[in-house]
Amino acid sequence: MATIELFNTLSGKIEALAPVGAPALRMYCCGPTVYDYGHIGNFRTFLQVDVLRRFVRQQGIETKHVMNVTDVDDKIIRNAAAAGVPIGEYTAKFERAFFEDLDALGIQRSELVAHATSCIPDMVGLIEKLAARDIAYQTEDGSWYFRIARFPEYGKLSKKDFEGIEDGARVDVDEYEKDAARDFALWKAVKPGEQHWETSLGSGRPGWHIECSAMATKFLGDTFDLHAGGEDLMFPHHENEIAQSESASGKTFARHWMHVRFLLVEGKKMSKSEGNFYTLRDLLLKGYRASAIRFLLISVPYRHQMNFTFESLAESTNAIDRLRTFHQRMLKGGFAEGLNEEIVAATAKAEQGYTASLANDLNTAEARAAIFELVRAANAAADAGTLRAANVAEILRVLDLFDGVFAVLEDRDAALTRAALAWAEAEGRLGEAAPELVANLSLGDAEIDALVAERTQAKKTRNFARADAIRNDLLAKGILIEDSKDGVRWKRK
RNA sequence: GCACCGAUGGCGAAGUGGUUAACGCGCUGGUCUGCAAAACCAGUACUCAUGGGUUCAAAUCCCAUUCGGUGCUCCA
């Protein structure tokens, strides 16, 4: 069992990550606000947390992982109103889509999913606790705010120094009157026509930050092991969570904080106005595989800014093919009995490299490299006829270990792409799908088998023109013919 | 504007003081093939944005410049 070292934003240092005072690692990850389909930036964060979660569990540490779903906020209220549906109906659709996307990307479910709207009493309780100590205060319109002046450590996570900021000086006039510029909303008073809850705090809805404090402590206790999220959440969201939670409990909130850096798309910040904004579904409809998206998004370590490009996505597809082909070759077996000592050493080196790399602040790039080195060594030995059956068993074990975190060997891609097309059809968005993809999937297996058989026949009669025509035609529809000693195979690209 | 992070081959990307600068993709060559493809193997950065400096030794530390990103406001 390796000691897992992880950068801690709070201390600014790489520190050992381990459960304290409980058998399971208690972790909280800021989940989605379900007002739209998730984009690849969202999923990079969830994927990197998935890598951590899988590795922790692989190292023999159980997890108690809570993810929240924000199902009430300004954007949801605005969009639901525009769509003319209750917010519950509006969010249900996107929440369902979100979990489908997690599954498509091989992201394991957390032990617990907490909805903001189902934890309102917990949030109210927390705010009351703060109000009793005059840390929370109500403004004239009925909203409640957190008094930052009462939390001297404010800024310790994001390393901000607020001493130079004078309360009330040159501050935009907000809709509500706060005592100090930085004070943030705990509870928002109801506005006409908005979804609201009748509580002891008055009629209204929770502020954004309070839900995470309430839900994390409700399910994980006042103090827990790890809190994770995208780098943008560090300030103000996580800073505010700390302020609320630690003010209420008087104890440390999360010990360890993990922040995943943003990605760039084609060298630029992803944004709708740049035209480089992609949801997972956009990419699936373009014909990219879910596995390739997963592999690419986790191949760059979480603390590095990564540049997402379509070229690198295509490369990931090929890299996965290499791994899958190798995996199949090992599974197929047929190697002579015995043991090749050189390969024993190569296999052990790969396993050590894999584990040490991930234990070292989740260096996924290095872990990947260790496995590819094994692939090359084993392929070369297999070609030379020196690979032995006992080696293969070990190689498969190490490959399984690797796949326990990377999760790309099993080929679910065609099924996932089909599901995406079915969704597009239901949404009337089939026009966004790549034409080759539609052509490919409209061709049934039996039809392809028939064409492949016809080509084989044509080859026998040395009618190569006809054989090549069939081959090229299928290729244009994304179907690849592979001639081998054992006969002809085909696969969908 | 202030603060922080980054810049490594055609592309993506490890490596943060000391053997020949990982790995993947691509490309080139080879094996195989009717020709291809697929698969596998081999080769593929005398050099780490630029200019200075520190050191016996720097991609790795320091300073400056240029470029990219992020935070200061909703954002994964």
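Residue numbering restarts at 1 for every chain, and letters A, B, ... go by the order of the sequence lines. Note that this is a predicted model, so its numbers are computed, not measured. Just so it is clear, the values below take in all heavy atoms, side chains as well, and ignore hydrogens, waters and symmetry mates.
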Scanning all shown strands, the Watson-Crick or wobble mate of A36(B) with both distances under 3.5 Å is none

Has H304(A) got a side-chain N or O lying under 4.0 Å from the OP1 or OP2 atom of A14(B)?
yes

Paired to A45(B) by Watson-Crick or G-U wobble criteria (both distances under 3.5 Å) is none

Any N/O donor-acceptor pair, D483(A) side-chain to A36(B) base, under 3.5 Å
yes

Between the base of G24(B) and the side chain of E315(A), is there a donor and acceptor pair under 3.5 angstrom?
yes

For U54(B), the nucleotide meeting Watson-Crick or G-U wobble distances (both under 3.5 Å) is none

Per atom distances to the R376(A) side chain, the nearest of C74(B), A42(B), G69(B) is A42(B)

How are the rings of F184(A) and H209(A) set relative to one another: parallel (under 30°), tilted (30 to 60°) or perpendicular (over 60°)? perpendicular

Rounded to whole Å, the CE-P distance (M234(A) to C74(B)) equals 15 Å

Check: G69(B) base within 3.5 Å donor-acceptor of N307(A) side chain: no

Using OP1 and OP2 only, check whether a side-chain N or O of N318(A) sits under 4.0 Å from G26(B). yes

Cationic tip of K286(A) within the cone over Y278(A)'s six-membered ring, i.e. under 6.0 Å and within 45° of the normal?
-> no

Partner of G1(B) under the Watson-Crick or G-U wobble criteria, both distances under 3.5 Å, comes out as C72(B)

Which of R303(A), H238(A), E231(A) passes side-chain hydrogen bond (donor to acceptor under 3.5 Å, both in side chains) with H259(A)? It is H238(A)

If pairing means Watson-Crick or G-U wobble with both distances under 3.5 Å, then the partner of G24(B) is C11(B)

W257(A) atom CH2 is separated from A76(B) atom P, nearest whole Å, by 16 Å

Record whether the side chain of R471(A) comes under 3.5 Å of the base of C35(B) through a donor-acceptor pair of N or O atoms. yes

When you measure from the side-chain N and O atoms of K269(A) to the phosphate of U70(B), is any distance below 4.0 Å, counting only OP1 and OP2? yes

Is there a side-chain contact between R368(A) and the phosphate of C25(B), meaning an N or O under 4.0 Å from OP1 or OP2? no

Testing A37(B), U70(B), A22(B) for proximity to the side chain of E373(A), the answer is A22(B)

Parallel, tilted or perpendicular, as decided by the 30° and 60° cut-offs, for the rings of F406(A) and F402(A) | parallel

Atom CG of L480(A) and atom P of A36(B) are separated, to the nearest Å, by 16 Å

Applying the 3.5 Å cut-off to both distances, the Watson-Crick or G-U partner of U19(B) turns out to be none

